[in-house]
Amino acid sequence: MQVAHRARRGFTDGVAFVELAEVADAALVALTVAQAVSTPVHQQDVVATIIDYLRGRELLLVLDNCEHLIDETAILVRNLLSACAGLRILATSREPLRVAGEHVFEVEPLSVRSSATAPANNETARSEAVTLFVQRAVAAAPGFQVSSENAEKVEELCRRLDGLPLAIELAAGRMRGLSPSELLDRFDDRDRLLSSGDRSAAPRHQSLWATLDWSYDLCSVPERTLWERLSIFTGNVHLEAAENICSGGDLPRESVVEHISTLVDKSILALHDTDGRATYRMLETVRDYGRRRLRGRPAEKEIVDRYRSYYVGLAKEFDEKWFGPGQERMVERMRGEQANARAVLDSLLSDTDGGRTALGMAAALFWYWLGCGQQREGRHWLDRALASDATPSPERAAALWCNGYLAVAEGKAAVALDLLRKSQDLACELGDAVNLTHATHIRGIAEHNLGNRQLGLALIEEGSSMEAERGPSALHILALEHVGWAYCRRLEPERAIEVLNPCLEACIERDERWSLSWIRTFLGLAHWLRGDCHEAAEHLSEALVVKRLFHDALGIAVVIETLSWVAAACGDAERSALLMGAVRRVWEPLGNYQGGFELHGWSEEAESRARKDLGAESFDAAFAAGGRLDTSQAIAYALGETPPTESESPADDAVTSTLTPRESQVARLLAEGMTNKQIAQALVVVPRTVESHVEHIFIKLGVTSRTQAAILLAEQDRSRGAV
């Protein structure tokens, strides 16, 4: 990260950081990279999508922790570099990727003074290892300092730890309860641990495991037990999940939080604030160590089963509670748990008896895959699950229609139709009325998108009636949305509004937001068709605010597109042209009009009108200006939050010149002393998005705290004479 920070000014499009440690499935490497560079994927060839996005850009791509995915990463790197001239890649791995053009830099341990050199207790003369030890020790125990009495002991500790950063951090974390001398005495008593690893390995590898063994021995029995059990997690650990999965007869539920706190103190766990809630994380090596310790224990199978059951249950809860209030919180929780959900799905699919459970879990996450820009990943898991278990079951019928609708959203109506017919047939075979209902109306959407509009509308209406018999639900609303869309396509806006208005009321009554955003999208379209520009713009703007929260890439494109037509109809040709230019860039990574949205004819008519009103030269200039906006800037302009000129950073702002416009906004609010939650409310985004922006701001500005960032911004303002 430090190298990337120093190099960022040499790349016009900045730096993208991809953490691969949490990715267990090699098939998800390219998808994870696509998500990291903010490339929505709605087509089969993910690598081609990334190449299309990166070609012509100057970007540094950092791939961290590649060793467990070495083959897939090497192939991806080769393909990207061969097609993208302005791309540079910095990868960390325990072994080289072995691709053409690779330059290998071996990361050596931190420097340590030899035993013959007198220890230094002044900062300028300290070795790198001691400097790190002191920094971490002060963080753990604020009163700690190197003195003439302990300088030699500190130096000896760092030397015995071979200058390994992880080993040093673990040792320094003990300063809360032990002195350097006491630590060294314990280390001396455990000399045999220095050779507990592979004797033929490099000394630093032996010492690393020795340090972990030593750290483990310093823990109490409950702390060791919890360390082992927490190692089952991948990525973030929520307290509620830890309490459910890790507790047992030998570790009471009420004691888990206490022992988690001590593991944080001992640097086994790192504490993070996620949307105002505490989450925990283990370094990869620490987690691997705990997993090895857990392996073979009598409790291992029970912990694995609990881990699976918890996340299967979380997926079901997500599905059951989707049609109601709190969707944003549920989405943020699932985004934070995505690494664990992936791990559980992969674990189930690796188990000969886990296929049916995997089908149920992947299908239960349907609304997450669909509503949060995760269609490609959803299809990945559903494809795998369907291939793993062909036994007739309600779970399989559900997975078939879920996969079918996600295929519709990707614009693959023919693929979808095959999946949906199979779902219908299986549901009939099982006498499964629930899944037959869902498959029927979704098949109607696929038929409609393939051009069979009469049959398609008939099936959607039939399925909608069947859904209505089961009571209000998200899928009933989804069916009615598509009835409304079909009437718009038939240029019958009055009938569309008649269908959609009751849906609007139902969603408002239940405080449901994602479906509401689509209903408002189609209502905006219907009112535009009627010539009611004001009403159309109101519905579309409200839809866009919500779609931004959910990262609904497809919905964002459709809404901005429609707003450009509204602007043309209202006589604001310049705004229309600018939005048209902006939305072309938004559509770019998605492909033209995915999800069966046949907008091309309307778009051409609106463009022709705006070009005539504005004049060709002015239209082209406005269109080009829109094309320079990224998605977040396009949304802000579409909502009237900022004119396009405000998206450009002033040239004389040396401190913030590397920040994106959104990061600059966040940085200013951060400097005013606002919390992440307050910033999220001010910008109408989710707190997790703010957290990500703050992390990027710290890296780009080279600071480690909000105070340091505020000081830098204040100094810049003073240098420009700002008040």
Side-chain angles (χ1 to χ4, degrees), residues 445 448 453 457 460-461 464 476-509 512-550 552 554-580 582-583 586-587 593 595-610 612-613 634-641 684:
I445 299 166
H448 186 276
R453 291 182 181 164
L457 182 57
I460 296 171
E461 290 178 329
S464 176
H476 182 216
I477 294 296
L478 184 66
L480 290 173
E481 284 174 30
H482 284 279
V483 173
W485 161 248
Y487 282 134
C488 286
R489 285 295 301 140
R490 292 168 61 166
L491 302 181
E492 299 181 52
E494 299 293 347
R495 295 191 69 180
I497 292 169
E498 186 181 333
V499 170
L500 293 169
N501 271 335
C503 298
L504 185 75
E505 294 169 7
C507 288
I508 292 173
E509 182 182 337
E512 197 283 348
R513 304 196 69 189
W514 183 81
S515 292
L516 180 65
S517 73
W518 277 108
I519 293 162
R520 289 198 181 279
T521 299
F522 296 142
L523 279 170
L525 176 62
H527 282 286
W528 170 74
L529 288 169
R530 290 179 64 196
D532 189 345
C533 294
H534 176 75
E535 189 78 11
E538 224 174 76
H539 280 298
L540 291 165
S541 295
E542 290 189 36
L544 188 56
V545 168
V546 177
K547 290 187 179 301
R548 176 166 58 181
L549 291 174
F550 287 93
D552 184 355
L554 177 62
I556 288 167
V558 172
V559 172
I560 295 178
E561 178 94 39
T562 313
L563 279 169
S564 74
W565 309 339
V566 172
C570 289
D572 193 343
E574 184 176 3
R575 173 176 167 82
S576 177
L578 203 144
L579 286 172
M580 287 178 189
V583 82
V586 176
W587 276 113
Y593 309 128
F597 291 104
E598 302 161 24
L599 312 177
H600 190 61
W602 287 329
S603 183
E604 283 187 337
E605 291 172 14
E607 181 178 338
S608 177
R609 179 172 184 171
K612 181 180 178 182
D613 291 349
I635 292 171
Y637 177 69
L639 292 174
E641 296 173 352
V684 199

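Bear in mind the structure is a predicted one, so any value in this text is a computation, not a measurement.
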Taking only residues two or more places apart in sequence or in another chain, which ones pass side-chain hydrogen bond (donor to acceptor under 3.5 Å, both in side chains) with [X]?
X: Ser517; answer: Lys547
X: Trp528; answer: none
X: Arg575; answer: none

Applying salt bridge (charged side-chain N to carboxylate O under 4.0 Å, His left out), can you list everything that pairs with [X], at least two apart in sequence or on another chain?
X: Glu494; value: Arg530
X: Arg609; value: none
X: Glu574; value: none
X: Glu538; value: none

Partners of His539 by ring pair (Phe, Tyr, Trp, His ring centres under 6.0 Å), sequence neighbours excluded?
->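 In terms of ring pair (Phe, Tyr, Trp, His ring centres under 6.0 Å), with neighbours along the sequence ignored, His539 is linked to His527.
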With sequence neighbours excluded, give me every side chain to side chain donor-acceptor pair (under 3.5 Å) pair touching residues 496-506.
->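 Side chain to side chain donor-acceptor pair (under 3.5 Å) check on residues 496-506 returns no pairs.
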With sequence neighbours left out, what residues match [X] under side-chain contact (heavy atoms from CB on, under 4.5 Å)?
X: Cys507; result: Phe323, Ile477, Glu512, Ser515, Leu516, Ile519
X: Leu480; result: Ser464, His476, Val499, Cys503
X: Thr562; result: Leu525, Leu540, Val558, Trp565

